[in-house]
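Below: one structure, written as structure tokens.
A, B, ... follow the sequence lines: proteins, then strands. Residue 1 opens every chain.
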Amino acid sequence: MQNRQIADIIEEMATLMELAGDNPFKCRAFHNAARLISISTGEMSVHAEAGTLTTLKGIGKGLAPIIADLALKGTSDELSALRRSVHPGLLDMLKVEGLGPKKVRLLYEKLGINSLDTLRRAAEEGKLTGLSGFGGKSRDNILRNLALLDRYRDKRLLREAETAGESVLAAVSSLPGVTVCSLAGSIRRRMSVIGDIDVLAAAPEKTHAGIIAGFGKFQDTGRVISSGPTKSSVMLDAGIRCDLRVVTPAAYPFALQYFTGSKAHNTRLRTLAKSLGWSLNEYGFTAIGNGGTRRCRTEEDLYDALGLEYIPPELREDTGEIEAASEGTLPRRIGDGELRGTFHCHTTWSDGRNSVAEMASAARELGWEYIGIADHSKAASYAGGLSVKDVTRQIAEIEELNARMRGFRIFAGSEVDILPGGSLDWDDRTLGCFDYVVASVHSGFRMSEAEATQRIIRALKHKHVTMLGHPTGRLLLEREGYPVNVKSVIDAAADYGKIIEINANPRRLDLDWSHCRYARDRGVLISINPDAHAVAGLRDVRYGVGVARKGWLEPKDVLNTLGLTDVTARLSASRARAGR
DNA sequence: GCCGTTTTCGGCCCGACTGTTTTCAGTCG
């Protein structure tokens with residue numbers, strides 16, 4: 001069993017234990033282990049076979065045999081026992097906002113409620129009232145949140161959440177008293193999908209009530225979920241939840257750090273603070289013992305006070321950033337303007353909406369030195385894949401455009417389909433015509449993991465392939481992608497000296513940030529590609545830069561931080577190796 | 001269940017908000 005599945009099961013066990021009323025610290029240990037496994041770069045099965053599971057921090061003698069069973073046998077007696085002892089419908093009930101394990105358990109034990117349907121019926125029939133802890137408001141909330149669950153179940157893509165968040169931010173910044181405000185939470189950490197929008201504002205205390213009231217009256221606000229003196233949650237008309245928190249200007253850096261998270265990062269930070277004699281919360285440092293305080297003007301000051309280098313928001317996932325910050329070995333962050341060009345763009349030759357010339361011109365306006373055009377190959381008929389004749393004509397067009405430009409170059413590439421067996425959709429002669437080749441899977445998704453992985457590895461081995469496009473084929477919040485073993489693919493790319501793209505389209509973000517470090521450690525070069533189908537899509541590279549930063553990549557790990565001269569040399573060298 | 005330079009017991013991050021059990025437990029982030 002793979003890490004992702006193991007992590008899901010350990011997480012399920014933690015939740016089941018909560019529902020069973022187990023020791024909360026034991027439950028937390030399981031939650032922590034699930035998170036640890038999900039972000040681990042080493043396969044649990046390898047650790048299990050080597051007997052080294054307990055060398056992983058957070059896994060001890062209790063969890064190790066369970067993980068080993070899951071990794072090697074795919075089952076676990078403890079899991080089976082838990083599943084038998086807790087009604088499976090209770091897991092669904094936890095999704096209702098306001099219901100946690102204690103209340104779900106009470107509903108089950110006292111009223112036999114074990115599903116969303118029976119919960120809805122019981123609430124409608126007034127059967128909840130009288131149960132300890134449940135009054136009239138609880139009933140109304142449960143009914144409303146059950147309805148919300150149906151309507152707003154899905155998370156949102158980063159781009160969509162960020163757009164909505166920025167519009168709220170602009171409105172908040174105009175409220176009387178607000179001195180500074182920011183998006184926080186998972187948007188600021190550049191997560192791929194977003195559950196809710198966190199907005200933080202600093203303002204003098206006497207203006208807080210007015211700000212909270214104003215927030216509830218915004219044009220985009222659909223419904224106020226909860227509202228107190230300093231905190232308010234609303235459901236935006238766009239169907240995404242938005243939380244506003246208002247603090248005093250003195251508390252702002254602490255609150256910004258706190259509400260950016262992640263939860264795991266913050267927990268570690270507080271533990272570190274405690275070891276230094278400070279209690280840390282969203283308002284400041286308090287000296288343990290004498291109650292003294294310590295001011296910070298910025299987040300940088302806060303990290304400095306803990307003896308840490310400033311940790312950028314994208315890295316705050318408790319994946320080693322705190323240790324690196326204390327040793328001064330955090331990765332050098334890729335700057336916003338550090339890309340000098342990009343690859344994998346489409347034009348009207350296949351399914352793009354702009355011509356080669358228009359795409360090139362837009363790239364120049366972004367200050368880039370080059371753009372790589374990679375339209376679809378012939379098998380991608382649904383996407384207007386080119387014929388061999390089209391290829392010749394398109395390359396001629398690109399050469400003509402290049403002849404007219406100074407200080408900018410269009411690279412003639414192709415996004416060639418990786419066919420089901422792993423062969424490529426162009427013959428070698430055609431492949432040899434391009435400056436570079438992106439190989440991608442676009443069809444035949446119903447494969448086993450072994451088949452999908454071998455298919456891609458075989459394509460990577462092909463001498464004419466320069467880079468791999470969208471490695472897993474996932475569409476965030478839409479489809480899973482093919483079941484590829486990403487680590488094996490990265491290993492193959494390392495062996496064959498091939499590049500892997502971070503597809504920066506906000507629906508893809510594929511390679512995922514969690515795999516970037518492994519690629520970097522294996523020496524695999526990454527290309528941040530927008531997969532742009534129109535000029536506006538070129539700007540999507542910023543989402544790819546977010547993925548790269550979040551994945552600990554540095555400028556030297558990314559192909560398109562190279563200037564035109566270096567990139568040309570690099571592509572020429574790989575062409576020469578392929579005998580082109 | 002995990003951890004440990006105070007290491008095999010005792011602690012494990014911390015606060016806001018809600019609703020209801022009129023002083024606080026549960027939930028959420």
Side-chain angles (χ1 to χ4, degrees), chain A residues 10 13-15 17-19 21-36 53-67 78 82 93-107 128-142 144-145 184-186 189 194-200 208 212 224-234 241-247 251 254-255 257-286 288 306 318 322:
Chain A
I10 299 290
M13 290 178 77
T15 308
M17 289 188 299
E18 283 173 341
L19 287 167
D22 247 321
N23 175 353
F25 294 110
K26 180 180 172 185
C27 301
R28 187 191 296 174
F30 273 66
H31 281 301
N32 287 342
R35 206 183 55 80
L36 170 85
L53 279 169
T54 54
T55 62
L56 303 172
K57 197 169 151 67
I59 295 173
K61 60 181 174 13
L63 272 156
I66 298 173
I67 294 167
E78 286 83 354
L82 266 173
M93 289 167 64
L94 280 178
K95 293 178 192 151
V96 180
E97 194 168 332
L99 291 187
K102 299 252 170 59
K103 287 189 172 176
V104 166
R105 190 158 162 239
L106 191 71
L107 288 166
L128 305 183
T129 328
L131 198 60
S132 165
F134 289 85
K137 284 199 175 180
S138 296
R139 171 186 172 276
D140 294 347
N141 282 339
I142 286 171
R144 196 172 53 226
N145 290 332
S186 49
R189 297 202 318 279
I194 304 296
D196 61 10
I197 298 167
D198 292 299
V199 180
L200 178 70
H208 287 187
I212 293 289
V224 177
I225 296 169
S226 70
S227 184
T230 64
K231 180 186 171 185
S232 176
S233 300
V234 303
R241 181 186 165 122
C242 179
D243 292 346
L244 171 70
R245 194 63 179 256
V246 190
V247 298
F254 294 95
Q257 193 289 315
Y258 178 84
F259 290 108
T260 296
S262 67
K263 191 172 175 150
H265 175 88
N266 287 356
T267 304
R268 287 285 314 280
L269 228 52
R270 288 176 180 211
T271 307
L272 175 61
K274 204 167 174 179
S275 74
L276 297 172
W278 296 97
S279 172
L280 172 64
N281 63 21
E282 61 262 53
Y283 303 109
F285 281 119
T286 311
I288 296 167
L306 294 170
D318 189 23
I322 292 172

Is it true that A/Arg35 and A/Asn32 share a donor-acceptor pair across their side chains at a distance under 3.5 Å? no
For atom CG of A/Leu63 and atom C1' of B/dC3, their distance in whole Å: 13 Å
First locate atom OG1 of A/Thr267, then atom CZ of A/Arg270, and finally report the distance between them rounded to the nearest 0.5 Å. 7.5 Å
What integer number of Å spans the P atoms of B/dC3 and B/dC13? 14 Å
Using only side-chain N and O atoms of A/Lys61, determine if any of them is under 4.0 Å from OP1 or OP2 of B/dC3. no
Closest to the side chain of A/Asn141, out of B/dG1, B/dG19, B/dC14, is B/dG19
For A/Lys57 and A/Ser227, find the nucleotide of DNA chain B closest to each by heavy atoms; which residue's nucleotide sits nearer the 5' end? A/Lys57
4.5 Å side-chain heavy-atom contact, A/Ile10 and A/Leu63: yes
Please give the distance between the P atoms of B/dC12 and B/dT5 as a whole number of Å. 16 Å
Separation of the C1' atoms in B/dT8 and B/dG1, to the nearest angstrom: 14 Å
If you check every side-chain atom of A/Ser138, which of B/dT20, B/dT18, B/dC2 has the closest atom? B/dT20
Nearest-angstrom distance, C1' atom, B/dT18 to B/dT23: 15 Å
Establish, from distance only, whether the side-chain atoms of A/Asn266 and A/Gln257 form a donor-acceptor pair under 3.5 Å. yes
How would you summarise protein contacts on nucleotides 21-29 of chain B per nucleotide, using B for base, S for sugar-phosphate only and - for none, with heavy-atom distances below 4.0 Å? B----SSSB
A/Phe25, nearest nucleotide to its side chain (from B/dC12, B/dT18, B/dG15): B/dC12
With DNA chain B as reference, determine whether A/Gly228 or A/Ala29 sits nearer its 5' end, using the nearest nucleotide of each. A/Ala29
With a 4.0 Å cut-off on heavy atoms, is A/Gly185 in touch with a base, just the backbone sugar-phosphate, or nothing at all? nothing
How would you list, by chain and number, every residue that makes a ring-ring contact (aromatic ring centres under 6.0 Å, His included) with A/Phe285, sequence neighbours excluded? A/Phe254, A/Trp278
Among B/dG1, B/dG19, B/dC13, find the nucleotide with the atom closest to the side chain of A/Arg28. B/dC13
Rounded to the Å, how far apart are A/Arg35 CZ and B/dG1 C1'? 16 Å
Report yes if a side-chain nitrogen or oxygen of A/Ser279 is closer than 4.0 Å to either non-bridging phosphate oxygen (OP1 or OP2) of B/dC14; otherwise report no. yes
Quick one: which of A/Ile212, A/Asp198, A/Leu200, A/Val199 gives a side chain to side chain contact (heavy atoms under 4.5 Å, CB included) with A/Arg245? A/Leu200
Looking only at non-hydrogen atoms, find the nearest pair between A/Leu94 and A/Gly100 and report the distance. CD2-C, 3.5 Å
Tell me: CZ of A/Phe254 to P of B/dG15, nearest whole Å? 14 Å
Taking the side chain from A/Arg241 and the backbone from A/Gly195, do they hold a donor-acceptor pair closer than 3.5 Å? no
For B/dC28, the Watson-Crick or wobble counterpart (both distances under 3.5 Å): B/dG15
Whole angstrom is fine here: how far is it from CD1 in A/Ile59 over to C1' in B/dG1? 12 Å
Looking at B/dG15, I'd like to know if its phosphate oxygens (OP1 or OP2) sit under 4.0 Å from a side-chain N or O belonging to A/Asn281. yes
Separation of the C1' atoms in B/dA16 and B/dT6, to the nearest angstrom: 34 Å
Sort out for me which residue in A/His31, A/Arg105, A/Met13 forms a side chain to side chain contact (heavy atoms under 4.5 Å, CB included) with A/Glu18. A/His31
Checking all strands, does A/Thr230 fall into the base, sugar-phosphate, or nothing category for heavy-atom contacts under 4.0 angstrom? sugar-phosphate
Whole Å only: how far is the CD1 atom of A/Ile142 from the C1' atom of B/dT18? 13 Å
Could you check whether A/Arg268 gets within reach of a base, just the sugar-phosphate, or nothing at all, counting any heavy atom under 4.0 Å? nothing
B/dT7 versus B/dC2 - spacing of their C1' atoms, nearest Å: 13 Å
Quickly work out the A/Lys26 NZ to B/dG1 P distance and round it to whole Å. 4 Å
Using atom C1' of each nucleotide, how far apart are B/dT27 and B/dT20 to the nearest Å? 14 Å
Once you round it to whole Å, what is the distance between P of B/dT6 and CG of A/Leu276? 13 Å
Length of the line joining A/Leu200:CG and B/dA16:P, which is rounded to integer Å: 14 Å
